[in-house]
Amino acid sequence: MSMLRIENVTKQFGGLAAIRDVSLQIRRGELSGLIGPNGAGKTTLFNVVSGFLAPTSGRIFFDGDDVTSLSPHILAARGLVRTFQGARVFPKLTIRESLRIASHMPQGRGARRQPVIADVMQEFDFERYADEPAGSLPSGVMRELGIAMAISTGAVMLLLDEPAAGLSAEEVANLQRVIRRVHAAGVTVWVVEHNLHFLMGLVDRAVVLDAGIVIADGPPREITQQPRVIEAYLGSEAHAQG
């Protein structure tokens, strides 16, 4: 059964279509990715799905209901929660205080029972940072805190927007473990990421966008062998590094 269904969604900015006639489904309990070159429309699609942008046309269904016109806070209350590129935390609050605020978010139909803060602290190994302001945390821990806050709201589906951006190799490895644990706890996870290596070691399925259009959908190691994906994604990477 699909947790998220996107039907023929287009988003235009003036005369430019950032995403065009996108249709796809994310199955309940899935750990999947969304990849593509810079400017492919990945973040725009996430913004539309999470209610931060209204689609120009098309419909979005979450847990069987049409949620096309719902605002971000209503979607989050129903369990569809997203993170953003870079960490968004309360810099002067401690981890425990930040999680407490997230856990007080109103809940609607479909959200999971909000976890006990002490359990989240233990699960994410936050105890050693418990009394430090979030703004002083290492980048990787700050990124993990953003995910922990999302989980503390009672999320059933988590949209992660480039969670590995700017992290060291060790921080990336830790982040992969965190995401796998969140997924293993029953949360459906969809990850936008420009770091193809990060996704290859994390997800079982990836959707590829290029110029706002879905050009591939399947296991990462298979789709990255497709000529169209190589040309659109890997080719642009090679050109940028050349």
Side-chain angles (χ1 to χ4, degrees), residues 3-4 24 26 29-53 72 75-76 79-91 95 98-99 102 105 112 115 120-121 123-126 129 134-209 220 223-224 233 237:
M3 174 66 78
L4 178 72
L24 60 91
I26 303 298
E30 192 171 31
L31 174 53
S32 57
L34 178 64
I35 65 174
N38 287 330
K42 304 184 297 295
T43 295
T44 297
L45 181 57
F46 258 31
N47 285 337
V48 170
V49 168
S50 55
F52 286 89
L53 290 174
L75 289 172
L80 177 60
V81 182
R82 68 159 295 177
T83 65
F84 294 83
Q85 295 178 18
R88 291 193 177 185
V89 299
F90 302 109
I95 288 179
S98 300
L99 295 177
M105 179 175 174
R112 303 173 76 215
V120 178
M121 294 285 293
E123 180 68 21
F124 282 77
D125 194 23
F126 282 156
Y129 300 108
S136 69
L137 298 172
S139 297
V141 178
M142 199 179 298
R143 206 67 56 84
E144 293 173 18
L145 174 57
I147 295 174
M149 290 173 64
I151 296 305
S152 295
T153 67
V156 294
M157 182 170 185
L158 190 56
L159 309 182
L160 302 178
D161 193 356
E162 299 205 15
L167 300 185
S168 68
E170 181 179 359
E171 289 171 330
V172 166
N174 288 336
L175 183 64
Q176 285 180 320
R177 286 192 286 271
V178 165
I179 294 172
R180 289 192 189 101
R181 287 201 303 269
V182 168
H183 174 248
V187 179
T188 303
V189 182
W190 194 20
V191 187
V192 160
E193 186 53 63
H194 193 70
N195 183 335
L196 184 59
H197 179 73
F198 173 80
L199 276 189
M200 291 282 282
L202 180 67
V203 304
D204 298 318
R205 170 198 173 201
V207 176
V208 185
L209 279 183
I223 63 175
T224 53
Y233 189 89
E237 285 285 283

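Taking 4.5 Å as the limit, every side-chain heavy atom of Val81 sits out of range of all side-chain heavy atoms of Met157. Under the 4.5 Å side-chain criterion, counting only non-hydrogen atoms from C-beta, Val141 is in contact with Pro138. The shortest side-chain heavy-atom distance between Leu159 and Val192 does not fall under the 4.5 Å cut-off. Taking the side chain as every heavy atom from C-beta outward, Leu34 and Leu209 approach each other to under 4.5 Å. No side-chain heavy atom of Arg143 sits under 4.5 Å from any side-chain heavy atom of Val178. Two residues are said to be in side-chain contact when any heavy atoms from C-beta on lie closer than 4.5 Å; Thr83 and Pro163 fail this criterion. Inter-residue side-chain proximity for Trp190 and Met3 is flagged as unmet; no heavy-atom pair is nearer than 4.5 Å. Between Ile223 and Arg205, every side-chain heavy-atom pair lies at or beyond the 4.5 Å cut-off.
Here the CG-OG distance, from Asp161 to Ser50, works out to 9.0 Å after rounding to the nearest 0.5 Å. For the atom pair CD1 (Ile151) and CD (Glu144), the distance works out to 12.5 Å, reported to the nearest 0.5 Å. In this structure, the separation between CG on Leu53 and CG on Asn47 is 4.5 Å, given to the nearest 0.5 Å. Considering CZ of Arg181 and CD of Gln176, their distance stands at 12.0 Å, rounded to 0.5 Å. The distance from atom CZ of Phe124 to atom CD1 of Ile95, rounded to the nearest 0.5 Å, is 10.5 Å. Within the model, atoms OG of Ser32 and CG of Asp204 stand 9.0 Å from one another, a figure rounded to the nearest 0.5 Å.
Heavy-atom minimum distance, Glu171 versus Ser139: OE2-N, 4.0 Å. Considering every non-hydrogen atom in both Ala150 and Ala155, the closest pair reads O-CB, 3.5 Å. Looking at every heavy atom in both residues, Val120 comes nearest to Ser152 through CG2-OG, 4.0 Å.
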Can you check side-chain contact (heavy atoms from CB on, under 4.5 Å) on Val187 and Val156, steps first, answer last?
CA-CA 5 Å; Val187 179; Val156 294; over 6 Å; no

Would you sort out whether Val207 and Ile35 count as a side-chain contact (heavy atoms from CB on, under 4.5 Å), showing the intermediate values?
CA-CA 6 Å; Val207 176; Ile35 65 174; over 6 Å; no

Please lay out, stage by stage, how Leu45 and Thr43 fare under the test side-chain contact (heavy atoms from CB on, under 4.5 Å).
CA-CA 5 Å; Leu45 181 57; Thr43 295; over 6 Å; no

Report the C-alpha separation of Leu99 and Leu145 in whole Å, then their side-chain angles, then the decisive distance to 0.1 Å, and conclude whether the side-chain contact (heavy atoms from CB on, under 4.5 Å) test is met.
CA-CA 8 Å; Leu99 295 177; Leu145 174 57; 4.1 Å; yes

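With hydrogens and angles ignored, the 3.5 Å screen pairs a side-chain donor or acceptor of Thr188 with a backbone N or O of Gly29. Between the side chain of Lys42 and the main chain of Pro37, a donor-acceptor pair closer than 3.5 Å is present. Put simply, the side chain of Glu193 never gets that close to the backbone of Gly33: no donor and acceptor are under 3.5 Å apart.
In terms of the ring-ring contact (aromatic ring centres under 6.0 Å, His included) criterion, Phe198 has no residue partners (sequence neighbours excluded).
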